[in-house]
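So the structure is just underneath, and the comments pick up after that.
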Protein chains: 2
Amino acid sequence: MGKDDDRRAEILASAADLFAAKGVASTTVREIGDAAGILSGSLYHHFTSKDAMVEEIVREYLRDLRARYEVAVASHSDPLEQLRALIRASFESLRDQPAACEIYQNDYRYLRAVPGLSDLDKIVAGFQATWIDVIQAGIDTGVFRAELDPTIVYRFLRDAIWPTVRWYRTGRKYRIDDIAEKCIGLFTYGIAAPAATRA
Amino acid sequence: MGKDDDRRAEILASAADLFAAKGVASTTVREIGDAAGILSGSLYHHFTSKDAMVEEIVREYLRDLRARYEVAVASHSDPLEQLRALIRASFESLRDQPAACEIYQNDYRYLRAVPGLSDLDKIVAGFQATWIDVIQAGIDTGVFRAELDPTIVYRFLRDAIWPTVRWYRTGRKYRIDDIAEKCIGLFTYGIAAPAATRA
DNA sequence: GTCTATAACCGGATAGAC
DNA sequence: GTCTATCCGGTTATAGAC
């Protein structure tokens, strides 16, 4: 049984790489078969459909991300530290599961239309609530600036962080930890030099 | 002649809406025909192919954005004001041409593969250079914090701004000018309340 | 568990009548 | 300038042999 599961996992992993590189819709079952060393028809012995493969990849990814977020929030009481932990957790997720993350980023519209992922919007709303609660707590306790709009801040943070998966590559100029800290620094203190703008 | 051009422009505008809403690859020529009130075959009297339509939409959009950026940079000498003008110009572009902008955001991979858009990467590199030059000037003149990495700052800014086109809708809770100013405030000063973190 | 062969469908694009 | 009719290629998925 372990052997079969391994084979399944191998096929799924190489399929995820293809989905990430070319987009889900543009990846054919023939290509998935080629990458796994079998013919497309044989895929249907392991999976019921191409969309079922996509669903399995994305579900596992979301489950993992949810777990990381829960640890991040539970590990701190200060909202600023919680927010920083959420940012770090996001970058670590994107480092550890780049293929699934890229699928999630690039093909959200496709995923929403997959029958088995009809609860996707609900899951994503849960992530959003986690971030916004932390931001709101920061404002309420005076750690964050009072003028901030939590929803808008969340959206800018989210959209700044996740596309990193498209340009970050392991072993290149930046390590993911460095990028995470630069992101934290930028969003915590802003661009402007204090003396020049806060007079 | 004017009549023909109008008809062309109408078809192109409704096609752009479809491309933006469903994605370019998922939009069929039959749907484009339906939206224009003609059959798919008749489209080929006005355009040589579906990709030719896409190319025309995107080229016009990029030309307009380039012009806005040039005005933004030329109108100021202080790097902080130049950066703010670039941010405002981006949001105004996204407000005035939401369909083309969304295509550009969502279907970049598709666009890169369109033969007629083989210079796309080069054009985009020009945009990037404009932003990075301004950020570097801000650091050099001491207006921006010295620790900043211009390339990274550019990427976070770019990725925070453009996805706005996906959730912003005219006449809703926020006007685009408000969103632009909130973006400027967030990236200029950061999240942290000064007293709490700068001690 | 994989292969062969093929069904059933849908996409972009074309030719020629009107 | 639009319609009718159709071609051709590529897609997912299935049936049954091995």
Side-chain angles (χ1 to χ4, degrees), chain A residues 1-58 103 106-107 109-117, chain B residues 1-58 103 106-107 109-117:
Chain A
M1 284 295 196
K3 281 244 172 106
D4 289 5
D5 291 356
D6 286 357
R7 187 80 184 106
R8 240 184 93 89
E10 274 174 35
I11 296 171
L12 211 54
S14 66
D17 288 341
L18 285 173
F19 291 150
K22 310 195 19 159
V24 175
S26 309
T27 302
T28 69
V29 292
R30 293 189 238 274
E31 290 171 324
I32 298 171
D34 285 351
I38 57 179
L39 289 186
S40 62
S42 306
L43 287 173
Y44 292 83
H45 173 76
H46 300 278
F47 306 94
T48 63
S49 71
K50 174 175 137 177
D51 283 355
M53 302 181 74
V54 176
E55 184 191 339
E56 202 167 325
I57 293 164
V58 170
I103 295 166
N106 295 335
D107 285 315
R109 206 152 39 185
Y110 184 100
L111 300 182
R112 282 194 59 180
V114 173
L117 289 173
Chain B
M1 284 293 193
K3 282 247 173 100
D4 288 6
D5 291 357
D6 287 356
R7 187 79 184 107
R8 238 184 94 90
E10 274 174 35
I11 296 171
L12 211 53
S14 66
D17 288 341
L18 285 173
F19 291 150
K22 310 195 19 158
V24 175
S26 309
T27 302
T28 69
V29 292
R30 290 170 176 86
E31 288 170 326
I32 298 171
D34 285 351
I38 57 179
L39 288 187
S40 63
S42 306
L43 287 173
Y44 292 83
H45 173 76
H46 301 279
F47 306 93
T48 64
S49 71
K50 175 175 137 176
D51 283 356
M53 303 180 74
V54 175
E55 183 191 340
E56 202 167 325
I57 293 164
V58 171
I103 294 165
N106 295 335
D107 285 314
R109 202 150 44 183
Y110 185 101
L111 300 181
R112 283 193 59 181
V114 172
L117 290 173

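FYI, side chains are in, hydrogens and waters are out, and symmetry mates aren't considered; it's all heavy atoms of this structure. Note on naming: letters A, B, ... go to the chains in the order of the sequence lines (proteins, then strands), and numbering restarts at 1 for each one.
Shown here are the side-chain hydrogen bond (donor to acceptor under 3.5 Å, both in side chains) partners of R109(A), two or more places apart in sequence or in another chain: there are none. Among residues two or more places apart in sequence or in another chain, the side-chain hydrogen bond (donor to acceptor under 3.5 Å, both in side chains) test is passed with N106(A) by R166(A). A35(B) pairs by the side-chain contact (heavy atoms from CB on, under 4.5 Å) definition with S14(B), L18(B), not counting sequence neighbours.
Contacts between residues 44-54 of chain A and DNA chain C, counted as heavy-atom distances below 4.0 Å, involve H45(A), H46(A). Within residues 10-18 of chain B, no residue has any heavy atom under 4.0 Å from DNA chain D.
Rounding to the nearest 0.5 Å gives a distance of 8.5 Å between CE of M53(B) and CD of E56(B). Rounding to the nearest 0.5 Å places CD1 of I38(A) at 5.5 Å from CZ of R7(A). Rounding to the nearest 0.5 Å places CG of L12(A) at 9.5 Å from CD1 of I32(A). From I57(B), atom CD1 reaches atom CZ of F19(B) across 5.5 Å, with rounding to the nearest 0.5 Å. Rounded to the nearest 0.5 Å, atoms CD1 (I103(B)) and CG (D17(B)) are 8.5 Å apart.
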For DNA chain D, what is the dot-bracket line, given that a base pair needs Watson-Crick (N1 to N3, plus N6-O4 or O6-N4) or G-U wobble (N1-O2 and O6-N3) geometry with both distances under 3.5 Å, and | means paired with another strand?
-> |||||||.||||||||||

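The CG atom of L39(A) sits 16 Å away from the P atom of dA13(D) (whole-angstrom rounding).
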Give me, pair by pair, the N or O atoms of the protein and of nucleotides 5-10 of chain D that are less than 3.5 Å apart, along with how far apart they are.
none

Show me the donor-acceptor pairs, under 3.5 Å and distance only, between side chains in residues 41-51 of chain A and residues at least two apart or in other chains.
from: S49(A); atom 1: OG; to: D51(A); atom 2: N; distance (Å): 3.4
from: S49(A); atom 1: OG; to: A52(A); atom 2: N; distance (Å): 3.1
from: K50(A); atom 1: NZ; to: V24(A); atom 2: O; distance (Å): 3.0
from: K50(A); atom 1: NZ; to: T27(A); atom 2: O; distance (Å): 2.8
from: D51(A); atom 1: OD1; to: Y110(A); atom 2: OH; distance (Å): 2.5

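Evaluation of the salt bridge (charged side-chain N to carboxylate O under 4.0 Å, His left out) test over residues 25-48 of chain B, restricted to residues two or more places apart or in two chains, returns K22(B)-E31(B).
Within 4.0 Å (heavy atoms only), S26(B) reaches no atom of the nucleic acid at all.
Scanning DNA chain C 5' to 3' for nucleotides with an atom closer than 4.0 angstrom to a non-hydrogen atom of chain B gives a first and last hit of dG11(C) to dT14(C).
The heavy-atom pair separating I11(B) from A36(B) by the smallest distance is CG1-CB, 3.9 Å.
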